[in-house]
Amino acid sequence: METKIGDGIVRTICSYCSVGCALDIQIVDGKATKVLPAKDYPVNLGRTCTKGFNLLKAYDSPDRQLYPELRQSDGSYQRIDWDSAATIFSTKFKQIQERHGKDSVAFISTGQVPFEEMAVLGVLAKFGMGIKHGDGNTRQCMASAVVAYKQSFGFDAPPFSYQDAEESDLLIFVGANPVIAHPIFWQRVKMNQNNPSIVCIDPRLTETAKEAILHLAIKPKSDLSLLYALSKYLIDHDALDKQFILDHTQGFDEMAKHVQEFSIERAERDTGIAASEITKLAQLIQSKKKVSFWWTMGVNQGHQGVRTAQAMINIALMTGNIGRTGTGANSLTGQCNAMGSRLFSNTSSLISGHDFAVPEHRQKVADALSIPVESIPDNAGKSYDQILSAVDDGSIKGLWIICTNPAHSWIDKHAFFETMKKLDFLVVQDIYNSTETMMIADLRLAAAGSTEKEGTLINSERRLGIVQKVMQAPGEALSDFDIFHKLAKSWGCEQVLAKLQTPDQTFEVLASLSKGRPCDISGISSRALLVKNGGIQWPWPQGANPDGPGLGGQHRLLFADGKFFHPDGKAKFLTIEPEPAGELPDNDYPFWLLTGRGTMHQWHTQTRTSKVELIKKMYPSEAYVEINPLDAQRLNLVDKGKVKVETRRGSILVDVAIKDSVQAGHIFLPMHYAQTNYLTYSSFDSFSRQPSYKIGAARLIATDGSIGG
Ligand code: SF4
């Protein structure tokens, strides 16, 4: 579908981050020539960041994968046609399944493609090919938020709209740096007319912390202790919405008992923050009418990420800061379609937010797809890390990686590469031939980019928006949708996709399957409606009146009626005892190693942003480590000099960047450089299985060989 907004303009959604800005693409003589930020789209209101503005250029690159290729015994790649590629895919994976059992093949997908493609993959792989174990790279960024919401609210339901950032009078950012990570969302914060108080909880003096009236530069991973101390203060000072607690929650007494151990003095010891500063924040929460919490990877990528997110949810619930404008415990998503992946990818939950373990849900999905219910597994299968462990122990022999680059992004890369060597066959589907993961593929499948195909994305505020084809894919590259259909045919299971022949048809099936679920979008009769309405936030059930109370307009939040998604309608308070991270600084490795986003201009593993010359000028081309001036002076390190950063996993040589934004005793490595994950420490949140990228112990070795401690 190609819907034109005015003459020569096609509107599409930016496919980098989860803010979900709309871009108006100017088409002249059949060619996409220019990107203009959409002025009338309720997300970006005429703004875009450098990544979105240069989106077209990312796809115009000499390293595009133009056709399928098969690795030869000498390591070179030979061009093959699509029929041969599909036959090789099916033959190899079927052989592995015959030799080692059905579960010896797995897939890892993405939060970067439209959810119609995710759903087709999930249906094809799990119900058609019998590949039970499949997960996505959203495990690396959003899994802890997902589990936190599911356990606390009864469904993975971020409650907010961006407009809440404009209406809040206290915004507390925890492990989040939206100034560079969600730059257009940050513009919405700046539009707030209430002179809001902005608080930032982060070990570093980030770009967001610099905008805050209060920055709590806590010791790494001491956030749980801090949040519990705030809870205790609010309980002790009777700063509660008791009626809300009584009517709409369960587990308050257990939570209140748990946090009694967390005095402000204990939090001062645990976090390194003065008691007076912690008290100041508690008093701010107590005094403000519209308090909102916002978190991202600093929380999700922690070893207790789920319970840390829930510690914020607890405060929002106990103070009645939920279901009202300007409030909420709000997780900002990472990738452009992380939420589409959460609801429709058929990985951690059954398609359309259903549960693999519930027989009625399996039957409903089977009926909608006209497939036998027996083909639907009764559990979600292994998580990302468990799939890799199974490769490592030899029980998974074939792996299919779609639109993600784990050879760059997975935690502890040395171990990752060792694991990959144990595979019998690795298929990688991507748009470039140069990603670290494509470089080790046995079979390469050439995919189209987001501006070369059709589909739907869901942004952080639950808004569905569509991507539209504005240019042709180069060479023989195909949309992921078409690749999946080709593979289905060659496998001999195309029947399983009979109801999912086009993105539009797939959308309609998914929408009908969502009926009655919290993420009900059955009222969106066609994707064309998404263009007309400036995107639509879920839920949008059948009969929804765009002008009606609670549904219409641009500001929609969940839980205004105090009803949550657990069977009793109540939200749950959940707690845990804080535990130290698995690896802490010691005499041998005395620095805290922190990782995170480097600049607004870099996207994740830089597979796209590194293709745009203009963007490349805006960030350091070489990997660097940020070091506090005191440590640099003590170790005789000079700015832009070289230093070796070493952990128990390995060592890398990088540039020195002396910055007082990192505390003495801490060092910070941006995640965008291929070297970083050679050093990261592999540990996982036990509830969400999300990797804990944020912590590790390191030492610095000067180029003269002296070790820094
Ligand atoms: Fe794209 Fe995110 Fe930038 Fe908006 S803020 S233009 S969605 S990268």
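Each ligand, and each atom within it, is numbered from 1 in the order the structure gives.
- Residue Cys14 counts as close to atom 1 (Fe) of ligand 1, with an N, O or S atom under 2.8 Å.
- Exactly one residue among Arg342, Arg517, Lys150 makes a salt bridge (charged side-chain N to carboxylate O under 4.0 Å, His left out) with Asp156. That residue is Arg342.
- Close approach of ligand 1 to Tyr16 (heavy-atom distance below 4.0 Å) involves ligand atoms 8 (S).
- For the pair Pro539 and Leu558, the minimum side-chain heavy-atom distance is below 4.5 Å.
- Note on Lys453 versus Asp480: salt bridge recorded, some NZ/NE/NH1/NH2 to OD/OE distance being below 4.0 Å.
- If you number the atoms of ligand 1 from 1 as listed, the ones under 4.0 Å from a heavy atom of Ile184 come out as 4 (Fe), 5 (S).
- Within ligand 1, the atoms closer than 4.0 Å to a non-hydrogen atom of Gly20 are 7 (S), numbered from 1 in the order shown.
- None of the N, O or S atoms belonging to His182 lies under 2.8 Å away from atom 4 (Fe) of ligand 1.
- The closest protein non-hydrogen atom to atom 2 (Fe) of ligand 1 is Cys17 SG, 2.3 Å.
- The aromatic rings of Phe115 and Phe507 lie parallel to each other, their planes meeting at an angle below 30°, with 60° marking the opposite boundary.
- Geometrically, Arg11 does not engage Tyr41 in a cation-pi contact, judged by NZ or CZ lying under 6.0 Å from the ring centre and within 45° of the ring axis.
- Among protein heavy atoms, atom 4 (Fe) of ligand 1 sits closest to Cys21 SG, 2.3 Å.
- Electrostatic pairing of Asp24 and Lys39 does not count as a salt bridge here, judged by no charged N lying under 4.0 Å from a carboxylate O.
- Shortest contact from atom 3 (Fe) of ligand 1 to any protein heavy atom: Cys49 SG, 2.3 Å.
- Scanning the protein for heavy atoms near atom 6 (S) of ligand 1, the closest one is Thr48 OG1, 3.2 Å.
- Atoms of ligand 1 lying under 4.0 Å from any heavy atom of Gly52, numbered from 1 in the order shown and given with element: 6 (S).
- No cation-pi contact links Lys659 to Phe668, judged by a cut-off of 6.0 Å to the six-membered ring centre and 45° from its axis.
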